[in-house]
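See structure below.
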Amino acid sequence: MITIQNLSKSYKQKKGQIKVIDDINLEVAKGEVFGIIGKSGAGKSTLIKCLNLLERPDSGKIIVDGVDLTAISVNELRIQRQQIGVIFQHFNLLSSKTIFANVALPLTLQGKHNKAEIKTAVDEMLSLVGLSQFANKYPASLSGGQKQRVGIARALITKPKLLLSDEATSALDPQTTNDILELLLEINQRLGITVVLITHELEVVRKICDKVAVIDKGKIIEQGNAFDILLHPKEPLTRKLIIEEESDKYLEKVKHFYQFEKHPNKHILLLSFVGEATYQPILNIISNETNANFSILRGELDRIKHMPFGQLLIEFDGDEGSLEKACSIMRSMKVHFEIVH
Amino acid sequence: MSFAIINDLTTNVDWSEINQATLDTLFMLGFAVLFSTLIGIPVGLILFLSSKGRLLQNKWVYNILSFIINVLRSVPFIILLIVMIPTTTMLVGTSLGAKGTIPPLVVGAFPFFARLVENALKEIDDGIFHMAESCGASTWQIVWHILLPEIMPSLIASITVTAIALVSYTAMAGTVGGGGLGDLAIRYGYQRFQTDVMLITVVLMVVMVQLIQVVGDFLVRILRK
């Protein structure tokens, strides 16, 4: 669906140039939800603006559905842009127009004038986002979440193949964020539309992304399945971004508290369960098979997209033999683990 | 009884002349506002679109246009009236009366109005432009479907401000034979010391300004949703 090749972009500054996008390569498959996560200033905003050429890259190719956007004329680009829906952090609705007219705007801009056709299309979109009764209201009377729903309806009215989301939930409260993410997921599944989103919120990636790329200082430092990246990040920077700092600090405290040098038999393990394994009594099995004792220091159960996962930080009290046995049990049950100490 | 008092206080006043002068002022005002708006909106749009970082960014167009506007705005209106006499005669056939006042009024007011339009456009959030471009809109479509509707309330407010400025400009035109209430005030009130005529023209202009403001505010309130 999208292929990005060797994309680079720099801005002129007083002291020379600053590279915002540094040789990025990405591949997004049709129908998937692809998340690009990074801190502010990492270059993610520029990257998504490059995807419909609102920002023109210095070099590299952006191929959307077989068309290299960097190689076509301004008029052709306008037609390609009509195939790409965009939703924005600050909604960007026109305050002078009704919700109906806001949603109809892309059709008007395409030169469609058949009122009946426009009405059918807008009504369909408004009911999809659950705002049918607001058609004649103005944006000023809507809440943030409702405004974003209008933004989504407007982005989808042209039946695009691709939806770009530029921090679409960053201005919303957690509950509304949740609702909007569910709506996006529903749209992705019902319409089969490919979604590329940028965000700094881990929650967004967890809830709806199939694939994730982590961007830092204009480079993609790690990319892959949302699952692998979220549960087993490899790059230190990704780890920092993904495993909450709290949890690292917590680990430090635990290490300090236990004074492990005095307890050679004590270890700390970080266990990650995914899918079926989440519901297995793994600790129970290990303690039956070995003579080790456990205490749970910290635990978490959640979902990544629809897949349940769990993470446990446990203190393992047992000799080398039982530790080895525990490891082999965990391996056979496909539980990912890390011996933290 | 009360009529008698009013008649005593306004011995010098010829009401038919006052009527004619009021109509002349409204005539000048109406056409001056109309043409200032018709010229000022496109000029304001070009100023905005050619400025730095905008859709039709062009340093030369912006700087030259901006310079001309500044020059026109810095000429005192009374001087503009005189300087423009040949041009006015060429355009409308006379430099006298209500008709002969309209060209200098427009030249005096449209640069001011164009700046107001430019400022209104600057207030539009950058995100709106990103959205419009993302939808594949052309520059002309952005102007017609997005910019003009979005600035409509500010546009009405700007027309109100410009119309009020024009009321006093029309009065000034009276000094060079421009016709209207200002003309009356100068010929009778000033040159013949008829204070009553002076007062009535002033009251009429105050009423005019009030009405323009009230109507303008009302329209802005309707448009601002």
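Heavy-atom basis, side chains included; hydrogens, waters and symmetry copies ignored. So that the names make sense, note that chain A is the first sequence line, chain B the second, and so on, each numbered from 1.
No more than 12 heavy atoms of other residues, nucleotides or ligands lie within 6.0 Å of CZ in Phe218(B), so this atom counts as exposed by the packing criterion. The 12-atom threshold is exceeded at OH of Tyr138(A), counting heavy atoms of other residues, nucleotides or ligands nearer than 6.0 Å. Around NZ of Lys61(A), the count of heavy atoms belonging to other residues, nucleotides or ligands within 6.0 Å does not exceed 12.
In this structure, Lys97(A) and Pro149(B) have side chains that are in contact, with non-hydrogen atoms separated by less than 4.5 Å. The shortest side-chain heavy-atom distance between Arg78(A) and Ser138(B) falls under the 4.5 Å cut-off. The closest side-chain heavy-atom distance from Leu93(A) to Ile128(B) is not below 4.5 Å.
For a residue to count as touching a neighbouring chain, one of its non-hydrogen atoms must lie under 4.5 Å from one of that chain's; by this rule Lys49(A) touches chain B with the side chain only. Looking at Ile79(A), neither its backbone nor its side chain comes within 4.5 Å of chain B, counting heavy atoms on both sides.
Of the listed residues (Glu150(B), Glu133(B), His145(B)), the one with the most heavy-atom contacts under 4.5 Å to chain A is Glu150(B). Heavy-atom pairs under 4.5 Å with chain B peak, among Leu94(A), Asn52(A), Ile84(A), Val86(A), at Leu94(A).
Ser96(A) contributes atom OG, which lies 11.5 Å from atom CZ of Arg224(B) (distance to the nearest 0.5 angstrom). Phe91(A) CZ to Asp125(B) CG: the interatomic distance, rounded to the nearest 0.5 Å, is 11.5 Å. Rounding to the nearest 0.5 Å places OG of Ser134(B) at 9.0 Å from CZ of Arg154(A). Atom CG in Leu109(A) sits 8.0 Å away from atom CD1 in Ile142(B) (nearest 0.5 Å).
A distance-only check finds no donor-acceptor pair linking the side chain of Asn92(A) to the backbone of Met131(B) [under 3.5 Å].
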